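What follows is a set of notes on a single structure, which appears directly below.
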2 protein chains.
Amino acid sequence: MEEFQTNIGENIKRIRKERNLSLDKTSEITGVSKTMLGQIERGKSAPTITTLWKIASGLRLSFSSLISQYKPNVTIVKKKEVNPIIENNGQYRVYPLVPYNPEQQFEIFSVTLEPGCEHIAEPHTTGVEEFILVNEGTLEVVVNEQVYVVEPEDTLIFKADRPHIYRNNGDCIVKCSIVIHYSSQ
Amino acid sequence: MEEFQTNIGENIKRIRKERNLSLDKTSEITGVSKTMLGQIERGKSAPTITTLWKIASGLRLSFSSLISQYKPNVTIVKKKEVNPIIENNGQYRVYPLVPYNPEQQFEIFSVTLEPGCEHIAEPHTTGVEEFILVNEGTLEVVVNEQVYVVEPEDTLIFKADRPHIYRNNGDCIVKCSIVIHYSSQ
DNA sequence: CAAATTTGGTCGTTATCTTGCACGTATATA
DNA sequence: TATATACGTGCAAGATAACGACCAAATTTG
């Protein structure tokens, strides 16, 4: 969120430096004040889209080149530190490991189903696809009135723009990883 | 510029309607106030990038899907109505027909060189490519200390991240169209 | 070395984005 | 008919983006 500002700022500054442009010259080219450019570069200000448009146009850049994150960083997500979303009286627990991001266009969850749990999921918008990787237990998924049995280490892929049901009919717990991809054409 | 705002607004409204979401619900999902959403949809406000980020994330959209222009419109550009950029004492005239746009990543000019005109062009940034389509007369272009003679109806393509010279050594006027493409990886 | 220019930044003011609240309309409900 | 619910928009207040003028350090120039 906040890092988003800093990212754009770093991108602009990097490109400006590569081209040996001063803030003054850049201001002249883009029509955005020097002060604003400086603040944006330092992440002190979140530009409006019209300002960003001026910068992109003046510098002859695409939006993606300004927005793209420079992330050579390593991130480790500890499941214990993630607050699960509880449903079905605690029998169905969703751990958001990787939140959605307009760049990557997907999100990743770890999901746990207690024995006997049946969870009815709302259909997503059109173009959404789910990838379910079962780690422990046997998961049953109902899509299009068809029951699919997914064994451990197996993966189920389906278009999730329709109602679907997750079910644990076994005796032991079911743990799986779910990747949800949003196409938005 | 201003149409840019309206474009984003229309995109958001269209997607929101497709999903049968109210402004209230959308506000709840995205964390952006209902009032703001309404104003953005109506093009009354240019959101900051953080606000746009919230909208894109909440609605699970990419930036491009929000930014992309819906343009089934036909546009006709009359050269007579375009103000040329005059250089070399009026011997070198540049008519910007299609201005740069962060989406398309290129711009189009019509260029006229009077007989005897020699124009020295500044090198562009790396990754820039020029496409020169000669319509009338014979154009000479110097790149990398090499002289290229471009006859009418012929096209010259070269990487323009180095100094280059346009020259009209003939007796009659030279008219050509130039497409400049900016890669910005 | 001193003057001049360039560079990036701060300060105060203005414009505008952003919000919560309230209002009007429309549709459904009792 | 009256009540309730949902929907989008107008209004005033607060926050903040955007600008122009001014300042200090670094670099260039004479």
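Quantities reported herein were computed from a predicted structural model and do not represent experimental measurements. In what follows, every chain begins at residue 1, and chains take the letters A, B, ... in the order their sequences are listed.
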Among all residues two or more places apart in sequence or in another chain, which pass the side-chain hydrogen bond (donor to acceptor under 3.5 Å, both in side chains) test with A/His164? A/Glu130, A/Tyr166
Does A/Arg42 have a side-chain nitrogen or oxygen under 4.0 Å from the phosphate oxygens OP1 or OP2 of C/dT10? yes
Any side-chain N or O of A/Arg16 below 4.0 angstrom from OP1/OP2 of C/dG8? yes
Mind checking what makes side-chain hydrogen bond (donor to acceptor under 3.5 Å, both in side chains) contact with A/Ser33, not counting sequence neighbours? none
Base contacts versus sugar-phosphate-only contacts with protein, heavy atoms under 4.0 Å: please encode nucleotides 14-23 of chain C as B, S and - from 5' to 3'. ---SBBBBB-
Which pairs pass side-chain hydrogen bond (donor to acceptor under 3.5 Å, both in side chains) with one or both residues in residues 139-155 of chain B, sequence neighbours excluded? B/Thr138-B/Glu151, B/Glu140-B/Arg167, B/Glu140-B/Asn169
Report the residues that fulfil side-chain contact (heavy atoms from CB on, under 4.5 Å) with A/Glu114, sequence neighbours left out, ordered by chain and then residue number. A/Gln91, A/Arg93, A/Ile173
Tell me the interatomic distance from B/Asn20, atom CG, to D/dC7, atom P, rounded to whole angstroms. 10 Å
For A/Glu41 and D/dA17, what is the distance between atoms CD and P respectively, to the nearest whole Å? 16 Å
Nearest-angstrom distance from the residue atom CD of A/Glu28 to P of D/dG20: 13 Å
Using a distance-only test with no angle check, is there a side-chain donor-acceptor pair under 3.5 angstrom linking B/Asp161 and B/His124? no
Take the protein atom CG of A/Leu23 and the nucleotide atom C1' of D/dC19, then report the distance between them rounded to whole Å. 15 Å
Phosphate OP1/OP2 of C/dG8 contacted by A/Lys17 side-chain N/O (<4.0 Å): yes
Clusters formed by hydrophobic residues whose side-chain heavy atoms approach within less than 4.5 Å: which one holds A/Val142, and what are its other members? A/Ile120, A/Val147, A/Ile165
Let me know the distance between NZ of B/Lys25 and C1' of D/dT5, rounded to the nearest Å. 13 Å
